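Okay, so here's the structure we're looking at.
These numbers come from a predicted model, not from an experiment.
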Amino acid sequence: MSLRIIASTAVFAIALSACTTTSAPATPIEARWVGQSAGKYFAAYGPPISDTPVGATTLYNWRGGYNRIKLANGRTANVSCAAQLTVDADYTIRDIRITADRQGATGPSYCEELLMAE
(Lines give C-alpha, C1' and ligand atoms only; values in the text may rest on other atoms or scores of the structure.)
Protein backbone atom coordinates (compact mmCIF):
# COMPACT_ATOMS: atom_id res chain seq x y z
CA MET A 1 0.00 0.00 0.00
CA SER A 2 1.14 3.46 -0.63
CA LEU A 3 1.97 5.79 2.19
CA ARG A 4 -0.63 8.26 0.88
CA ILE A 5 -3.50 5.73 1.25
CA ILE A 6 -2.41 4.80 4.76
CA ALA A 7 -2.15 8.46 5.79
CA SER A 8 -5.56 9.26 4.27
CA THR A 9 -7.14 6.33 6.03
CA ALA A 10 -5.60 7.36 9.36
CA VAL A 11 -6.84 10.95 9.00
CA PHE A 12 -10.33 9.73 8.08
CA ALA A 13 -10.39 7.34 11.06
CA ILE A 14 -9.34 10.09 13.47
CA ALA A 15 -11.96 12.48 12.08
CA LEU A 16 -14.64 9.81 12.29
CA SER A 17 -13.75 8.94 15.88
CA ALA A 18 -14.30 12.58 16.87
CA CYS A 19 -17.95 12.36 15.81
CA THR A 20 -20.50 11.55 18.45
CA THR A 21 -24.12 10.74 18.05
CA THR A 22 -26.57 12.53 20.28
CA SER A 23 -30.26 11.94 20.19
CA ALA A 24 -32.52 14.93 19.95
CA PRO A 25 -35.12 15.28 22.68
CA ALA A 26 -38.37 13.64 21.65
CA THR A 27 -40.54 16.37 23.18
CA PRO A 28 -40.23 20.05 24.10
CA ILE A 29 -40.64 19.03 27.75
CA GLU A 30 -37.56 16.78 27.50
CA ALA A 31 -35.64 19.57 25.79
CA ARG A 32 -36.56 21.93 28.63
CA TRP A 33 -35.97 19.66 31.63
CA VAL A 34 -33.43 16.92 30.84
CA GLY A 35 -30.12 18.05 32.34
CA GLN A 36 -31.81 20.41 34.82
CA SER A 37 -31.94 20.01 38.59
CA ALA A 38 -34.82 17.95 39.94
CA GLY A 39 -34.85 20.40 42.86
CA LYS A 40 -35.67 23.22 40.47
CA TYR A 41 -38.50 21.16 38.95
CA PHE A 42 -40.01 20.14 42.30
CA ALA A 43 -39.67 23.68 43.69
CA ALA A 44 -41.61 25.03 40.71
CA TYR A 45 -44.30 22.34 40.44
CA GLY A 46 -44.51 20.59 43.80
CA PRO A 47 -43.00 17.47 45.35
CA PRO A 48 -43.20 13.97 43.89
CA ILE A 49 -45.89 11.58 45.13
CA SER A 50 -43.47 8.63 45.27
CA ASP A 51 -39.92 7.60 44.52
CA THR A 52 -38.29 4.27 43.66
CA PRO A 53 -34.54 3.57 43.57
CA VAL A 54 -33.56 1.98 40.25
CA GLY A 55 -29.86 1.14 40.23
CA ALA A 56 -27.86 4.36 40.25
CA THR A 57 -30.95 6.49 39.55
CA THR A 58 -34.25 7.25 41.26
CA LEU A 59 -37.62 7.18 39.52
CA TYR A 60 -39.94 9.89 40.82
CA ASN A 61 -43.67 9.85 40.15
CA TRP A 62 -45.08 13.35 40.13
CA ARG A 63 -48.58 14.75 39.65
CA GLY A 64 -49.55 18.40 39.79
CA GLY A 65 -50.72 21.47 37.97
CA TYR A 66 -54.29 21.00 39.12
CA ASN A 67 -56.31 23.73 37.50
CA ARG A 68 -59.61 24.62 35.84
CA ILE A 69 -59.00 26.10 32.40
CA LYS A 70 -61.06 27.46 29.56
CA LEU A 71 -60.56 25.46 26.37
CA ALA A 72 -60.41 26.91 22.86
CA ASN A 73 -63.97 25.70 22.19
CA GLY A 74 -65.27 27.80 25.10
CA ARG A 75 -65.80 24.92 27.51
CA THR A 76 -63.98 24.58 30.81
CA ALA A 77 -62.09 21.55 32.06
CA ASN A 78 -60.37 20.37 35.20
CA VAL A 79 -56.81 19.47 34.26
CA SER A 80 -53.62 18.12 35.77
CA CYS A 81 -50.38 16.58 34.61
CA ALA A 82 -48.49 13.44 35.65
CA ALA A 83 -44.90 12.52 34.87
CA GLN A 84 -42.13 10.09 35.74
CA LEU A 85 -38.70 11.65 36.21
CA THR A 86 -35.50 9.62 36.17
CA VAL A 87 -32.97 11.43 38.35
CA ASP A 88 -29.30 10.55 38.84
CA ALA A 89 -27.25 10.66 42.05
CA ASP A 90 -26.40 14.34 41.40
CA TYR A 91 -30.16 15.11 41.43
CA THR A 92 -30.08 15.89 37.71
CA ILE A 93 -33.05 14.92 35.54
CA ARG A 94 -31.95 12.29 33.01
CA ASP A 95 -35.37 11.51 31.55
CA ILE A 96 -38.90 12.82 31.88
CA ARG A 97 -41.89 10.94 30.59
CA ILE A 98 -45.46 12.25 30.66
CA THR A 99 -47.82 9.58 32.01
CA ALA A 100 -51.13 11.51 32.07
CA ASP A 101 -52.10 14.61 30.14
CA ARG A 102 -55.21 16.52 29.06
CA GLN A 103 -56.01 18.99 26.33
CA GLY A 104 -54.59 22.40 27.14
CA ALA A 105 -56.08 25.85 26.82
CA THR A 106 -54.14 26.60 23.64
CA GLY A 107 -53.13 23.19 22.33
CA PRO A 108 -53.28 19.44 22.68
CA SER A 109 -51.10 19.17 25.82
CA TYR A 110 -51.79 20.78 29.18
CA CYS A 111 -48.53 19.28 30.50
CA GLU A 112 -46.60 21.06 27.78
CA GLU A 113 -48.29 24.38 28.58
CA LEU A 114 -47.60 23.91 32.29
CA LEU A 115 -44.03 22.56 32.20
CA MET A 116 -42.74 24.87 29.47
CA ALA A 117 -43.76 28.07 31.27
CA GLU A 118 -40.86 29.94 32.89
Side-chain angles (χ1 to χ4, degrees):
M1 279 190 174
S2 77
L3 189 55
R4 182 177 285 165
I5 292 173
I6 293 171
S8 302
T9 304
V11 169
F12 180 72
I14 290 169
L16 189 59
S17 71
C19 295
T20 59
T21 302
T22 58
S23 60
T27 68
I29 294 170
E30 289 175 340
R32 166 72 176 91
W33 286 104
V34 170
Q36 298 292 317
S37 166
K40 181 178 176 182
Y41 180 94
F42 295 136
Y45 302 110
I49 56 175
S50 68
D51 61 272
T52 306
V54 181
T57 62
T58 302
L59 181 66
Y60 291 96
N61 288 299
W62 171 86
R63 185 170 198 97
Y66 298 98
N67 203 356
R68 184 163 182 84
I69 62 170
K70 188 170 186 174
L71 302 173
N73 63 10
R75 295 183 178 177
T76 59
N78 292 319
V79 293
S80 65
C81 179
Q84 286 186 330
L85 291 82
T86 303
V87 177
D88 67 15
D90 294 332
Y91 215 52
T92 301
I93 298 171
R94 293 295 163 214
D95 185 47
I96 183 168
R97 184 173 64 88
I98 302 302
T99 57
D101 197 1
R102 298 284 308 262
Q103 179 180 348
T106 60
S109 171
Y110 173 70
C111 289
E112 195 170 299
E113 292 173 10
L114 174 71
L115 299 177
M116 296 300 294
E118 287 292 324

Notebook entry, point to check: Which atom names give the shortest non-hydrogen contact between Leu71 and Gly104, and what distance separates them?
Noted result: CD2-O, 3.5 Å
Checklist line | Shared hydrophobic cluster, Leu59 / Tyr41 (ILVMFWY, side-chain heavy atoms < 4.5 Å) | finding: no
Check: Can Asn61 and Ser50 be counted as having a side-chain donor-acceptor contact under 3.5 angstrom?
Finding: yes
Checklist line | Asp88 versus Asp90, closest heavy-atom pair with distance | finding: OD1-N, 3.0 Å
Notebook entry, point to check: Between the main-chain N or O of Leu85 and the side-chain N or O of Arg97, is there a donor-acceptor pair closer than 3.5 Å?
Noted result: no
Check: Between Ala82 and Cys111, which heavy-atom pair has the shortest distance, and what is it?
Finding: N-SG, 4.1 Å
Notebook entry, point to check: Taking side chain as C-beta onward, heavy atoms only, is Pro28 less than 4.5 Å from Met116?
Noted result: yes
Notebook entry, point to check: In Å and rounded to the nearest 0.5 Å, what is the OG to CZ distance from Ser109 to Arg102?
Noted result: 12.0 Å
Next item on the list: Taking atom CZ of Arg68 as the centre, report whether more than 12 heavy atoms of other residues, nucleotides or ligands fall under 6.0 Å from it.
Entry: yes
Note to self: Within the 3.5 Å criterion, strictly below it, is a donor on Gln36 or Thr92 matched to an acceptor on the partner's side chain?
What the structure shows: no
Next item on the list: Look up atom CD1 in Ile29 and atom CG in Leu115, then write down how far apart they are to the nearest 0.5 Å.
Entry: 5.0 Å
Check: Can any side-chain N or O of Tyr110 pair as donor or acceptor with the backbone N or O of Gly65 at less than 3.5 Å?
Finding: yes
Check: Quick one: SG on Cys81 to OH on Tyr45, what's the gap to the nearest 0.5 Å?
Finding: 9.5 Å
Margin query: Between Trp33 and Ala38 (side chain of the first, backbone of the second, donor and acceptor by atom type, cut-off under 3.5 Å), is there such a pair?
Written below: no
Margin query: Assess the residue pair Asp95 and Gln84 against the criterion (side chain to side chain contact (heavy atoms under 4.5 Å, CB included)); give the C-alpha distance rounded to whole Å, side-chain angles, the decisive distance to 0.1 Å, and a yes or no.
Written below: CA-CA 8 Å; Asp95 185 47; Gln84 286 186 330; over 6 Å; no
Next item on the list: Check whether Val87 and Ile49 end up in the same hydrophobic cluster, where Ile, Leu, Val, Met, Phe, Trp and Tyr are linked by side-chain heavy atoms less than 4.5 Å apart.
Entry: no
Notebook entry, point to check: Regarding Arg94 and Thr57, is there a side-chain donor-to-acceptor distance under 3.5 Å anywhere?
Noted result: no
Check: Do any N or O atoms from the side chain of Glu113 and from the backbone of Gly107 form a donor-acceptor pair under 3.5 angstrom?
Finding: yes
Item checked: Beyond-backbone contact of Ile93 with Ser37, side-chain heavy atoms, under 4.5 angstrom -> no
Check: Residues in ring-ring contact (aromatic ring centres under 6.0 Å, His included) with Tyr60, at least two apart?
Finding: Phe42
Item checked: For Arg32, all residues meeting side chain to side chain donor-acceptor pair (under 3.5 Å), sequence neighbours excluded -> Glu118
Notebook entry, point to check: What is the distance from atom CH2 of Trp62 to atom OG1 of Thr99, rounded to the nearest 0.5 Å?
Noted result: 9.0 Å
Next item on the list: For Asn67 and Ile69, indicate whether the former's side chain and the latter's backbone hold a donor-acceptor pair under 3.5 Å.
Entry: no
